[in-house]
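Heads up: the structure comes next, in structure tokens.
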Protein chains: 2
Amino acid sequence: MSIQERRERERTHRHRLIVKTARELAETEGWEAVTTRRLAERIEYSQPVLYSHFAGKDAIVTAVALEGFEELAGVLSRARASAVTPAEALTAAARAYTDFADANPALYDAMFTLTTDLPFGRPDSPAPLKAAFGELLAACTSAAGDRDAETFTEVAWSALHGLVTLARGGRLRTEQRDQRLGLLVGQLLAAPGRP
Amino acid sequence: MSIQERRERERTHRHRLIVKTARELAETEGWEAVTTRRLAERIEYSQPVLYSHFAGKDAIVTAVALEGFEELAGVLSRARASAVTPAEALTAAARAYTDFADANPALYDAMFTLTTDLPFGRPDSPAPLKAAFGELLAACTSAAGDRDAETFTEVAWSALHGLVTLARGGRLRTEQRDQRLGLLVGQLLAAPGRP
DNA sequence: TCCAATGGCTAGCGCTGCTAGGATAGCGTC
DNA sequence: GACGCTATCCTAGCAGCGCTAGCCATTGGA
């Protein structure tokens, strides 16, 4: 009884160790350095052990991504708590989002570039995904005015995501980062023109 | 003399064949299906032949990406030619951009997700890159008003890129595609608010 | 006619994600 | 206390990856 409990505990501990190690390895050496062999070596177990915890390497990346969404939701939540006006809320969320992405590039890659099988916007979506998008929605809703809040949120989110990914690939002038963010938020807060 | 010319011609023909085949294979079966072995089989040559044309697989992807930027520049140019007012120009460019990305998903991936070594916004940038960004800049400049044209273009481009990539990953509601694009263009055309 | 050189091929290296099968350790039962 | 059973983990290996060394044939020039 107690022994089984201990084993259970050790298993979940090792489970977390795998995810944590994968994330660290990715953040320090890039995802291309995260191979099952290297990962196994780091956690000081043999390779097949990974497959007793995860269906495959993709599942490990997905686990890291989920962790990322959880943290992103937290970051956005704190940003929202610090804001009073709708404009402040949107500004704070935008800054929090891009800061998060810049501070955790490999994590962000896991969330948006490497992972394709996470079901978004569905009833069976994992809680962290719902939480993260919910925070974005909350930050955007008040600023949306008479525009559809969800569509507005999708657009704002896309714009932030685009800024992050294009900047990452060296596609944008690095020193203009803040100007771009300011311009974007300004446009989102503006009364819409006729397209 | 003439024989060398013939050889030269055959070489450039095979060079184009490699790029074309890689692109086709990627578009029909995805980039993960584009392996050097399969590619060699398709062009009916042995594997090492690829390496007499390109430094490695990455270089082949880059070649495909460059082709993409060339075509994107053309698409944007035609969109701009059909527009009269600044608002029309921006709207047409946005539609052309997203249509291009949706119609050529693998090509778009090569341009923005798989390729990391293309130097952007530099004097030594390849011509197609300059052309594509130049077209975007042209479409945005008139709509930028008193905002900095280049920064405005970077933001607009990022927003479009974000819309494309998030939609691709199933992150956005597919049926709202046009609403999002309309809302985005409307916001970009609006007189900016204070962030 | 012979030599040199070029161009393409076969074979193989080290790596990848993943898995089959054997060894080992600890459980419940006699 | 000794047994068999089960669960756990490891060694070894598979197929496929990007890439390269070294050989062979064909061809152009002396």
Side-chain angles (χ1 to χ4, degrees), chain A residues 1-19 21-23 25-26 28-65 106 109-110 113-117, chain B residues 1-19 21-23 25-26 28-65 106 109-110 113-117:
Chain A
M1 192 59 174
S2 163
I3 288 173
Q4 283 196 353
E5 284 178 5
R6 192 208 66 215
R7 292 214 166 147
E8 194 76 15
R9 238 182 305 128
E10 286 175 351
R11 254 196 87 78
T12 65
H13 173 259
R14 200 172 55 182
H15 191 98
R16 291 207 196 103
L17 179 63
I18 293 172
V19 177
T21 308
R23 178 175 171 178
L25 196 50
T28 55
E29 304 184 35
W31 277 108
E32 74 280 357
V34 183
T35 70
T36 55
R37 278 171 233 276
R38 232 181 304 227
L39 192 50
E41 195 187 356
R42 286 276 183 113
I43 66 169
E44 295 178 320
Y45 280 95
S46 74
Q47 229 182 335
V49 166
L50 301 174
Y51 295 89
S52 76
H53 286 271
F54 299 93
K57 194 193 165 186
D58 289 354
I60 299 177
V61 178
T62 301
V64 174
D109 277 346
T113 316
L114 304 175
T115 295
T116 55
D117 55 347
Chain B
M1 193 59 173
S2 162
I3 288 173
Q4 284 196 354
E5 282 178 7
R6 192 207 69 215
R7 291 214 166 146
E8 194 76 16
R9 240 184 302 129
E10 286 175 353
R11 254 195 88 79
T12 65
H13 174 258
R14 199 172 56 184
H15 191 98
R16 291 207 195 102
L17 179 64
I18 293 172
V19 178
T21 308
R23 177 175 171 177
L25 197 50
T28 55
E29 303 183 36
W31 277 108
E32 74 279 356
V34 182
T35 69
T36 55
R37 280 171 232 275
R38 232 182 302 228
L39 192 50
E41 195 187 357
R42 286 276 182 113
I43 66 169
E44 296 179 320
Y45 280 95
S46 75
Q47 227 183 338
V49 165
L50 301 174
Y51 295 88
S52 75
H53 286 273
F54 298 95
K57 195 193 166 186
D58 288 353
I60 298 176
V61 179
T62 301
V64 173
D109 277 346
T113 316
L114 303 175
T115 295
T116 55
D117 56 347

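Computed from a predicted model, the values in this text were never measured in an experiment. First the proteins, then the strands, lettered A, B, ... as listed; each starts at 1.
Considering A/Asp109, A/Val64, A/Val61 in turn, A/Val61 is the only one that fulfils the side chain to side chain contact (heavy atoms under 4.5 Å, CB included) rule with A/Thr115.
Residue B/Lys57 has its side chain nearest to D/dG18 when only C/dA20, D/dT20, D/dG18 are considered. Residue B/Arg37 places its side chain closer to D/dC19 than to any other of C/dG17, D/dC19, C/dC9.
Between A/Ala40 and A/Ser46, the shortest heavy-atom distance links the atoms CB-C, 3.8 Å. Nearest heavy atoms, A/Leu25 versus A/Ala33: CD2-O, 4.0 Å. Considering all non-hydrogen atoms of both residues, A/Ile18 and A/Leu39 come closest at O-CD1, 4.1 Å. Contact between B/Ala63 and B/Phe54 at its shortest, heavy atoms only, is CB-CE2, 3.9 Å. Across all their heavy atoms, B/Arg14 and B/Ser52 have their closest contact at NH2-OG, 4.0 Å.
Of the residues near DNA chain C, B/Val49 and A/Tyr51, the one whose nearest nucleotide (by heavy atom distance) lies more toward the 5' end is B/Val49.
The CZ-C1' distance, from B/Arg14 to C/dC9, rounds to 12 Å in whole Å. As rounded to whole Å, 11 Å separates atom C1' of C/dC18 from atom CG of A/Leu50. Taking atom OH of B/Tyr45 as the reference point, atom P of D/dA25 lies 19 Å away to the nearest angstrom. Rounded to whole Å, the distance from CD1 on A/Ile60 to P on C/dG17 is 9 Å. Here C/dG8 presents its C1' atom at 15 Å from CD of B/Glu44, a figure rounded to the nearest Å. Taking atom NE2 of residue A/His53 and atom P of nucleotide D/dC10, one finds them 11 Å apart after rounding to whole Å. Put simply, CD on A/Glu10 is 13 Å from C1' on D/dC9, counting in whole angstrom units. For B/Ile18 and D/dC19, the CD1 to P distance is 13 Å, given to the nearest whole Å.
Contacts of B/Ser46 with the nucleic acid, taken as non-hydrogen atoms under 4.0 Å apart, include base atoms.
Taking 3.5 Å as the limit, the base of C/dC9 and the side chain of B/Gln47 contain no donor-acceptor pair of atoms between them.
Comparing the helix axis at one end of the helix from C/dT1-D/dA30 to C/dC30-D/dG1 with that at the other, each defined from 5 consecutive pairs, gives an inter-axis angle of 20° (nearest 10°).
Atom CD of B/Glu41 has 12 or fewer heavy atoms from other residues, nucleotides or ligands within 6.0 Å.
Remark: B/Arg38 is in phosphate contact with D/dC17, judged by side-chain N or O atoms under 4.0 Å from OP1 or OP2.
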